[in-house]
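Okay, structure first, notes after.
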Amino acid sequence: MALSRRTVVTGIAGGSVLSAAGRAQAGTADDAVQNILSTAGAWRQTAAERDMLYRQAFNIARDRIDAVLRGRGQQHRGSRPLAVISDVDDTVLSSDTYWARLVSAGKQAFDDDMWDAWVRENGPTATPGAVEFTHYAQSKGVEVFYVSSRDQGPDTQELGIANLRHVGLAFADDAHVNMLRESSNKEPAQQAVAAGHDVIAYLGDNLNDFRRRYYVTSVAQRKALATEDAEHFGRDFILFPNNTDGHWIRAVFGESEPADTPAYRARMLQAAEGLVN
Ligand SMILES: [Mg+2]
């Protein structure tokens with residue numbers, strides 16, 4: 001099939017190249033046709049349902065604030081300030097454009113260098129409803145604290161705050177942002193917030209954003225532990241969708257960011273067939 005190069009040129013870093021879709025159309029790269037990230041990426045980019053899962057989660061968070069404030073008003077008590085603790089990536093900041101860039105570059109697994117470059121470019125956009133939610137919380141006197149695991153070197157904290165500010169999220173300052181470079185264990189940082197606030201909700205796309213006890217490497221065990229806490233979800237644990245990364249990947253592969261190897265691709269296919277638990 002004749003292919004106009006002009007129609008498939010993309011603007012990704014490194015100059016003009018054929019997009020992955022262009023390579024697939026041209027039949028020039030089997031990997032582009034078979035990229036195991038393609039369906040997940042397409043869902044991120046196109047599904048209105050996915051956007052509404054974000055809106056739904058932020059609506060639940062708003063309702064949570066309203067209910068707690070109503071309760072406090074009725075009881076005429078409650079003097080500790082209220083707080084929401086939120087994860088950052090794929091909770092209030094979307095990594096859709098990163099995954100699109102990755103697929104365009106023919107990558108099939110998380111790429112640290114591309115991630116770091118994208119963070120430094122202020123690549124993240126706000127997730128649907130995030131900006132409105134943080135300003136709503138602020139208008140009600142509820143502080144939002146951000147606890148994230150990221151590592152772009154010594155300026156990780158500044159870069160994170162810049163990303164949050166870039167999209168207009170409230171509370172994007174040192175007092176409310178904690179970028180953890182050494183560990184993905186968020187509990188000490190969460191407990192530090194809880195020492196001075198009533199934490200009324202946790203927001204995250206990864207079970208680890210709610211409790212560290214979910215940090216286990218078995219698919220079945222993660223499901224069992226989360227199910228034990230099912231009553232929390234949609235109440236004080238407010239969950240957002242992420243179909244490309246997180247500790248569910250770690251449960252499948254033993255690490256959160258596995259390298260793209262034949263074994264990785266085979267394992268992903270096994271997982272899709274229901275053969276990994
Ligand atoms: Mg996240």
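Start at 1 and go down the list; that is how both ligands and their atoms are numbered.
Residue pairs meeting the side chain to side chain donor-acceptor pair (under 3.5 Å) criterion with at least one member in residues 58-70, sequence neighbours excluded, are D66-Y136. Listed by first and then second residue, the side chain to side chain donor-acceptor pair (under 3.5 Å) pairs that reach into residues 266-276 come to none, sequence neighbours excluded.
By the criterion of a separation under 2.8 Å, the protein N/O/S atoms near the Mg ion (ligand 1) amount to D87 OD2, D89 O, D205 OD1.
Two residues are said to be in side-chain contact when any heavy atoms from C-beta on lie closer than 4.5 Å; R213 and D229 meet this criterion.
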Validation: residues 188-197 side-chain donor-acceptor distances under 3.5 Å, sequence neighbours left out:
residue	atom	partner	partner atom	Å
Q190	NE2	D209	O	3.0
H197	ND1	V193	O	3.1
H197	NE2	E143	OE2	3.0

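Counting non-hydrogen atoms of neighbouring residues, nucleotides and ligands closer than 6.0 angstrom, the CD atom of E228 exceeds 12 such neighbours.
By the 4.0 Å N-to-carboxylate-O rule, R72 lies close enough to D198 to be salt-bridged with it.
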